[in-house]
Amino acid sequence: MMTEAFVNASVTPLESLDMLSPYEVAKLQDKSQGGLYRLLRQCALAVLNCGSEMDSTRMVLERYRKFDIQISQKHRGVQLDLINAPASAFVDGELIQGIREHLFAVVRDLLYVQDEFKDCCDDLAPSTVATNLVFHTLRHANAFRPHVKPNVMVCWGGHSISRPEYEYTKKVGYELGLRRLQICTGCGPGAMKGPMKGAAIAHAKQRKADPRYIGITEPGIIAAESPNPIVNELVIMPDIEKRLEAFVRLGHGIIVFPGGAGTAEEILYMLSILLREENDAIPFPLIFTGPAGSEEYFDTVDRFIAETLGERARSKYEIIIDDPHGVASRAKEALLEVTAHRRKVGESFHYNWQLHIPLDLQQTFEPTHANMASLNLSRNQPDYELASQLRCALSGIVAGNVKEPGIRAIEEFGPFELHGEPALMASLDQLLTAFIEQRRMKIDFEDYQPCFRIAAASKVSSG
């Protein structure tokens, strides 16, 4: 049996963040409720734990409970002292270069969001403030290429997918890379890693300069989904809602691979935007794809959307099975439409300001038992509003599956209860039951216990 190896080390940034103010250092060291130490430790550990097979924040924090990080100013600039860090992050005593970059991306994003937006855009409406916050965070992370035609494809999908599905994501990524498209994902394993890995080979074949593998995450999920080794641009948004908005503002189209509750949440988020009348004329490709054998997953999702949101929602996406070449060709064709539209209306190539995202999709949804039980899960509302409510339900289930606060709440008060229109709840029950039966809820699916109960159905609630 192997014993866990730990390393103590001191590291400094290579290019940026070589200077911090005493106030910023104190903020990162502050262990009080309003301080940043807890988030810094959690996110830093996630970065150092690159390649982990765990998908639970609690499991990561428990395994490395003796890990600590301290920040100080030396005559050479900022220094991070790592105590009992995972040995896998080091080679011959040196911190791996990509992990070093990600470590200081954590410091950059936590400090920037904390300090720069206290008085941001006071004269703007709350929704516009949120969009500007996302813009400024991405710009500060140097995520924009303003003079480049639309070429960023966002890839969504599960971290706990089968081997054939993972191999398929690499094939799609390879085809996208051959067409010189850039890849943006949630930065974790599975369907977030595969497209980057495939594209990396294709970019090398095409001798593409400055290939981009953008990973966008947030503090609540990063420890459960450590950045994969291929990510070369890591951005940590302050919460899940701004993370989702960053995907659709920065990306030019979305490809969805098989996944579980988190992927369903992302699909519903995107549909709640595309179903808005204000966005009807804005081209935004949304493609669902997987290998032969994944039809069951997409049939399940497609049927759920038809039964809950209707045929108009189904018209907002296309499904392509077992055809990596076809997916990439369709993506490239759609990006030409995106480029033509943005030129016509004078929209920037690098940030989709024109897309309307309502405030209810930007406000943080806290997955408490009370908030989950009070969701309006009824078809007696516009389809885009129902999509938003369903998105919140799936977001709560993700929190109960992998996020430390959600796991703690389930242990204390039992499963989240979801109430709503009987027919709609039956459809939701079928969707979630299918995810469990298809082993899509967690990597350690054999030990999975549902963190939710469908009040109008009993199949899943029995556990």
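Residue indices begin at 1 and follow the sequence shown.
- A donor-acceptor contact shorter than 3.5 Å is absent between the side chain of Glu347 and the backbone of His341.
- Put simply, the residue from Thr185, Ile216, Ile214 that forms a side chain to side chain contact (heavy atoms under 4.5 Å, CB included) with Phe247 is Ile216.
- For Tyr317 and Asp302, the side-chain atoms include at least one donor-acceptor pair closer than 3.5 Å.
- Inter-residue side-chain proximity for Val398 and Ile240 is flagged as unmet; no heavy-atom pair is nearer than 4.5 Å.
- One distance of note links NZ of Lys193 with SG of Cys155; it measures 15.0 Å at 0.5 Å rounding.
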CA sep, side-chain torsions, deciding dist, call: Phe257, Tyr166, ring-ring contact (aromatic ring centres under 6.0 Å, His included): CA-CA 9 Å; Phe257 296 103; Tyr166 175 67; over 10 Å; no

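- The pair Asp280-Lys316 counts as a salt bridge, with a side-chain nitrogen and a carboxylate oxygen less than 4.0 angstrom apart.
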Pair Gln42-Arg38, side-chain contact (heavy atoms from CB on, under 4.5 Å): steps then yes or no: CA-CA 6 Å; Gln42 178 175 312; Arg38 183 187 63 82; 3.7 Å; yes

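- Atom CG of residue Asn84 and atom CG of residue Leu48 lie 12.0 Å apart, to the nearest 0.5 angstrom.
- Side-chain contact of Gln362 with Thr131: a donor-acceptor pair under 3.5 Å is present, judged by distance alone.
- Aromatic pair His356/Tyr384: ring centres not closer than 6.0 Å.
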Stepwise side-chain contact (heavy atoms from CB on, under 4.5 Å) check, Ile282 with Val345: CA-CA 10 Å; Ile282 302 175; Val345 301; over 6 Å; no

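- Within a 6.0 Å radius of CZ in Arg145, more than 12 heavy atoms belonging to other residues, nucleotides or ligands are found.
- Using a 4.5 Å heavy-atom threshold, the side chains of Leu250 and Val235 count as separate.
- The shortest distance between side-chain heavy atoms of Val172 and Pro195 does not fall below 4.5 Å.
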Leu244 and Ile357: CA distance, side-chain angles, deciding distance, side-chain contact (heavy atoms from CB on, under 4.5 Å) verdict: CA-CA 11 Å; Leu244 289 168; Ile357 301 180; over 6 Å; no

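- By the 4.0 Å N-to-carboxylate-O rule, Glu167 lies close enough to Lys170 to be salt-bridged with it.
- Here Arg212 pairs with Glu233 in a salt bridge; the nearest charged N to carboxylate O distance falls below 4.0 Å.
- Annotation: Phe144 is in aromatic contact with Phe135 [ring centroid separation under 6.0 Å].
- Of the inter-residue distances, the one linking Cys392 atom SG with Gln363 atom CD reads 10.0 Å to the nearest 0.5 angstrom.
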Lys27 and Glu24: CA distance, side-chain angles, deciding distance, salt bridge (charged side-chain N to carboxylate O under 4.0 Å, His left out) verdict: CA-CA 5 Å; Lys27 199 73 175 171; Glu24 290 170 323; over 6 Å; no

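- Taking 4.0 Å as the cut-off between side-chain N and carboxylate O, Arg179 and Glu175 count as a salt-bridged pair.
- Under 4.0 Å is where a charged nitrogen must lie from a carboxylate oxygen, and between Glu245 and Lys242 no such pair does.
- Listed by chain and residue number, Leu124, Ala125, Asn132 satisfy the side chain to side chain contact (heavy atoms under 4.5 Å, CB included) test with Thr128 (two or more places apart in sequence, or in another chain).
- Residue pairs meeting the side chain to side chain donor-acceptor pair (under 3.5 Å) criterion with at least one member in residues 285-301, sequence neighbours excluded: Tyr168-Thr289.
- Using modelled atom types, one finds a donor on one side chain and an acceptor on the other under 3.5 Å when comparing Glu265 with Ser395.
- One finds the CG atom of Leu386 at 6.0 Å from the OG1 atom of Thr308 (value rounded to the nearest 0.5 Å).
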Verdict with supporting geometry, Thr217 and Leu234, side-chain contact (heavy atoms from CB on, under 4.5 Å): CA-CA 8 Å; Thr217 186; Leu234 178 65; 4.1 Å; yes

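- Under a cut-off of 6.0 angstrom, the local environment of CD in Glu94 is sparse, with at most 12 non-hydrogen atoms contributed by other residues, nucleotides or ligands.
- Taking CG from Leu80 and OG from Ser10, the interatomic distance works out to 9.0 Å, rounded to the nearest 0.5 Å.
- At least one side-chain heavy atom of Met196 sits under 4.5 Å from a side-chain heavy atom of Val231.
- To the nearest 0.5 Å, the span separating OH on Tyr269 from CG on Leu361 amounts to 5.5 Å.
- At a threshold of 4.5 Å between non-hydrogen side-chain atoms, the residues Tyr174 and Pro324 do not count as touching.
- Contact check for Thr12 versus Arg100: side-chain heavy atoms found under the 4.5 Å cut-off.
- Using a 4.5 Å cut-off on side-chain heavy atoms (C-beta onward), Phe67 and Arg41 make contact.
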